[in-house]
Amino acid sequence: MGVEIKESPVTETEFEAMEDFVYEYLAASVENEDGGGRMRWYPWHSAEYRFNHILNVVDLAGTIAEQEGANVDVARVAALFHDIAKLDADQEVHAEEGARIARKYLETHGDFPESFIEEVCKAVENHSYQGDLTDLPKETQCLIEADLLDKVGANGTALMLLRMGYEARTHMDAAEMVDRVMERGKDAASRVQTDTAEGIAHKRLKRVKWFREWLEGEVPQMDHNEQSDRRTQRRP
């Protein structure tokens, strides 16, 4: 199914064209970096990872928006553009730059109403907002919640485990890395406001907790290391 808006439907073909544009922009951002760019050697600093994250956020934002009565079209299109500038702009300004790119694209591809473009761009611009999410339009709230939730699930856990290799750690440190995912999950659960997002957060936290318990059961040395750490902390 395509994304549709009452004033000007976004067809499946148009949405796929947006997806192609976003991926090509991300790929060009990495290719154009001088000297490898910031964090180039991390897997999440790649067009493939960033695009996968974006698609995850699109799905989550659409689900939350549909369940919570928000404009699904605005939420999904904003999610598609929210991190488009992540690889070629400073973290502090990537949201504003993403909104600029989204506006230029929507104004030059199709006949979208200005009201629709404005809502999409405002959501992209504010997706890094750190305050109370209820202060924002529903569509922006859905985008932020989706962005938070993608870091909590299997995607976030896999990346934390990959990070061990880049930091020259062994699998004995897996519990610590999974604990970081748990902390992210708890933070996400404390920030989201909609019932739909809260349900997704708690479901994903249960899975991360189960995975940690599985590790403890099958990597005995990991549990031994944790006990040694606790004994060391108790020493005067």
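- When every heavy atom of L143 is checked against every heavy atom of A79, the shortest pair comes out as CD1-CA, 3.6 Å.
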side-chain contact (heavy atoms from CB on, under 4.5 Å) between I84 and Y105, worked out: CA-CA 12 Å; I84 191 171; Y105 182 94; over 6 Å; no

Audit row: Y129, T140, side-chain contact (heavy atoms from CB on, under 4.5 Å) steps and yes/no: CA-CA 9 Å; Y129 181 74; T140 306; over 6 Å; no

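- When every heavy atom of I64 is checked against every heavy atom of A197, the shortest pair comes out as CD1-CB, 4.1 Å.
- Note that SG of C121 is 8.0 Å distant from CD of E114, once rounded to the nearest 0.5 Å.
- D147 and H53 share a side-chain donor-acceptor pair at under 3.5 Å.
- Clustering ILVMFWY residues whenever any of their side-chain heavy atoms sit less than 4.5 angstrom apart, transitively, puts F21 in the very cluster that holds V74.
- In terms of hydrophobic clustering, with Ile, Leu, Val, Met, Phe, Trp and Tyr side chains grouped at heavy-atom distances under 4.5 Å, I101 and V58 are assigned to a common cluster.
- When all heavy atoms of Q141 and L133 are compared, the pair lying nearest together is OE1-O, 3.5 Å.
- The residues R100 and E97 are annotated as salt-bridged, a charged nitrogen and a carboxylate oxygen being separated by less than 4.0 angstrom.
- Take E125 and apply the side chain to side chain donor-acceptor pair (under 3.5 Å) test, not counting sequence neighbours, and it matches no residue.
- No single ILVMFWY cluster, assembled from side-chain heavy atoms under 4.5 Å apart, contains both M182 and I200.
- Using cut-offs of 30° and 60° on the angle between ring planes, the pair H127 and H94 is perpendicular.
- Proximity of a side-chain donor or acceptor of D90 to a complementary backbone N or O of E92 within less than 3.5 Å is not detected.
- Taking R184 as the reference, nothing meets the salt bridge (charged side-chain N to carboxylate O under 4.0 Å, His left out) condition, with sequence neighbours excluded.
- Side chain of D83 to backbone of K86: no donor-acceptor contact under 3.5 angstrom is found.
- Using a 30° and 60° split on the angle between ring planes, Y23 and F51 fall in the perpendicular class, above 60°.
- In the hydrophobic cluster analysis, where Ile, Leu, Val, Met, Phe, Trp and Tyr join through side-chain heavy atoms closer than 4.5 angstrom, L26 is grouped apart from V57.
- Inter-residue side-chain proximity for R103 and V124 is flagged as unmet; no heavy-atom pair is nearer than 4.5 Å.
- If you chain together hydrophobic residues whose side chains sit under 4.5 Å apart, L60 and V208 never meet in one group.
- With R207 contributing its side chain and A154 its backbone, the two residues share no donor-acceptor pair below 3.5 Å.
- The heavy-atom pair separating F15 from R76 by the smallest distance is CE2-NH2, 3.7 Å.
- Heavy-atom minimum distance, I54 versus L80: CG2-O, 3.4 Å.
- In terms of heavy-atom proximity, A78 sits nearest to A123 at CB-CB, 3.7 Å.
- Evaluation of the side-chain hydrogen bond (donor to acceptor under 3.5 Å, both in side chains) test over residues 185-194, restricted to residues two or more places apart or in two chains, returns E145-T194.
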Criterion side-chain contact (heavy atoms from CB on, under 4.5 Å) on L136 and K122, from CA distance to verdict: CA-CA 10 Å; L136 303 170; K122 282 295 184 183; over 6 Å; no

